[in-house]
Amino acid sequence: MELGGKSPVVVFADADIEAALDSVVFGVFSLNCERCTEGSRVLVERPLYEEFTRCLAERADRVRVVMPSDPATEVGALVHTEHYERVLNYVEIGKKEARLVAGGVRPDHLTEGNYLQPTVFADVSRDARIFQEEIFGPVVAVAPFDDEAEAIELANATPFGLAAYIWTSDLKRGHRIAHAVESGMVWINSHNVRDLRTPFGGVKASGVGREGGAHSIDFYTESKIVHVALGDVHTPRFGAV
């Protein structure tokens, strides 16, 4: 049973920056961020932090939020007014917890509907609600880290553990981080490039079990055990005379 997530994207200073930006922007804003595996917490190594945050905010501002009937649409309306109001409430919470660097408002050209310009918060602390809680809308939290140990600590600092994304040109480091992050699925230098036969699922509050390929057979099968005695069975006779 998959129960959502708050997946980290860990970006080291030696990463392919354009590829990482493409992945973050698409990963968090496609499907209006109503995606269980979205990388909604972006952790960036400090030497790259300001530049990456600025570029991410610029990209978010340029994302095309239009009617879904328009072929140019990149982000459409959120699924329901009640959910839209919930996401807007998180935006207001975020304004009190962190630095708003992009979005946070309805696009000017859309006067009605559940639309929100892709939103980026920077300098988000690990205790902030927008860092800890699944928003399920076009809102991303960005925070810096100084070394591998802090990157792992921040990546694991939520109750969730569905997916994680790691960007680095050092594959040895990528594997170290991947093994240390508490997550059911990890991508290194890619985003959701997945063979559907591989196990899908998370750890901690992100669910139990796995599905995908042969794993789905067990997941959707209910086992029943019938025990039959083929000989005499000794049972302790409690209470017998």
Side-chain angles (χ1 to χ4, degrees), residues 1-11 23-43 75 78-80 82-87 89-91 93-94 118-119 121 124-143 145 151-167 174-225:
M1 184 167 62
E2 188 266 296
L3 299 173
K6 192 71 175 176
S7 300
V9 183
V10 183
V11 184
S23 177
V24 168
V25 174
F26 178 79
V28 74
F29 297 133
S30 60
L31 303 181
N32 310 323
C33 205
E34 296 169 325
R35 174 199 293 270
C36 60
T37 56
E38 66 199 26
S40 54
R41 293 184 298 133
V42 181
L43 313 175
V75 170
L78 292 173
V79 67
H80 191 276
E82 183 178 323
H83 178 56
Y84 177 61
E85 292 172 351
R86 177 179 179 273
V87 173
N89 183 56
Y90 271 112
V91 172
I93 291 170
T119 301
F121 285 101
V124 183
S125 71
R126 60 181 293 164
D127 297 322
R129 288 185 63 185
I130 60 170
F131 190 91
Q132 291 290 333
E133 300 176 19
E134 185 176 35
I135 299 173
F136 217 60
V139 180
V140 62
V142 190
F145 67 86
I152 293 166
E153 181 185 12
L154 289 173
N156 292 338
T158 74
F160 298 101
L162 184 59
Y165 307 90
I166 302 164
W167 288 88
H175 277 283
R176 285 196 301 271
I177 304 298
H179 284 280
V181 170
E182 297 167 350
S183 175
M185 300 173 288
V186 181
W187 280 268
I188 299 175
N189 296 335
S190 65
H191 181 86
N192 276 338
V193 179
R194 173 175 171 254
D195 187 322
L196 296 180
R197 295 168 294 182
T198 59
F200 181 99
V203 299
K204 301 193 292 188
S206 287
V208 294
R210 295 290 184 272
E211 57 183 331
H215 303 275
S216 296
I217 296 175
D218 291 333
F219 188 78
Y220 291 105
T221 298
E222 184 176 284
S223 298
K224 183 175 185 177
I225 309 301

Exercise for review: Using the test side chain to side chain donor-acceptor pair (under 3.5 Å), find all partners of Arg210 that sit at least two apart in sequence or belong to another chain.
Suggested key: none
Revision key, fill the gap. On a heavy-atom basis, the closest approach of Val181 and Ala164 is CG1-CB, 3.8 Å
Revision key, fill the gap. Salt bridge (Lys or Arg N to Asp or Glu O under 4.0 Å) filter on Arg194, not counting sequence neighbours, yields none
Practice item. With sequence neighbours excluded, tell me which residues meet ring-ring contact (aromatic ring centres under 6.0 Å, His included) with Tyr90. Key: none
Review point. For residues 197-206, which residue pairs qualify under salt bridge (charged side-chain N to carboxylate O under 4.0 Å, His left out), counting only residues two or more places apart or in two chains?
Key: Glu182-Lys204, Asp195-Arg197
Exercise for review: Could you pull out all residues at least two apart from Ala214 that satisfy side-chain contact (heavy atoms from CB on, under 4.5 Å)?
Suggested key: none
Exercise for review: With sequence neighbours left out, write down each residue that passes side chain to side chain donor-acceptor pair (under 3.5 Å) with Asn156, or none if nothing qualifies.
Suggested key: none
Review point. Can you name the closest pair of heavy atoms from Gln132 and Arg126 and give their distance?
Key: NE2-O, 2.6 Å
Review point. Quick one: side chain to side chain donor-acceptor pair (under 3.5 Å) partners of Glu34, sequence neighbours excluded?
Key: none
Practice item. Using the test side-chain contact (heavy atoms from CB on, under 4.5 Å), find all partners of Ala180 that sit at least two apart in sequence or belong to another chain. Key: Ile152
Point to revise | salt bridge (Lys or Arg N to Asp or Glu O under 4.0 Å) partners for Arg86, two or more places apart | key: none
Point to revise | Point-to-point distance, once rounded to the nearest 0.5 Å, from OG of Ser190 to CH2 of Trp167 | key: 6.5 Å
**Study point:** Qualifying residues under side-chain contact (heavy atoms from CB on, under 4.5 Å), relative to Thr119, sequence neighbours excluded
**Key:** Leu100, Leu116, Phe121, Val139
Exercise for review: Looking only at non-hydrogen atoms, find the nearest pair between Ser125 and Phe131 and report the distance.
Suggested key: O-CB, 3.4 Å
Exercise for review: Only counting residues at least two apart or in another chain, list the ones meeting side-chain contact (heavy atoms from CB on, under 4.5 Å) with Thr37.
Suggested key: Arg35, Leu162, Ala163, Tyr165, Met185, Asn192, Phe200
Point to revise | Reported CZ-to-CD1 distance for the pair Arg176 and Ile166, which is rounded to 0.5 angstrom | key: 11.0 Å
Practice item. Apply side chain to side chain donor-acceptor pair (under 3.5 Å) to Glu134 and list each qualifying residue two or more places apart in sequence or on a separate chain. Key: none
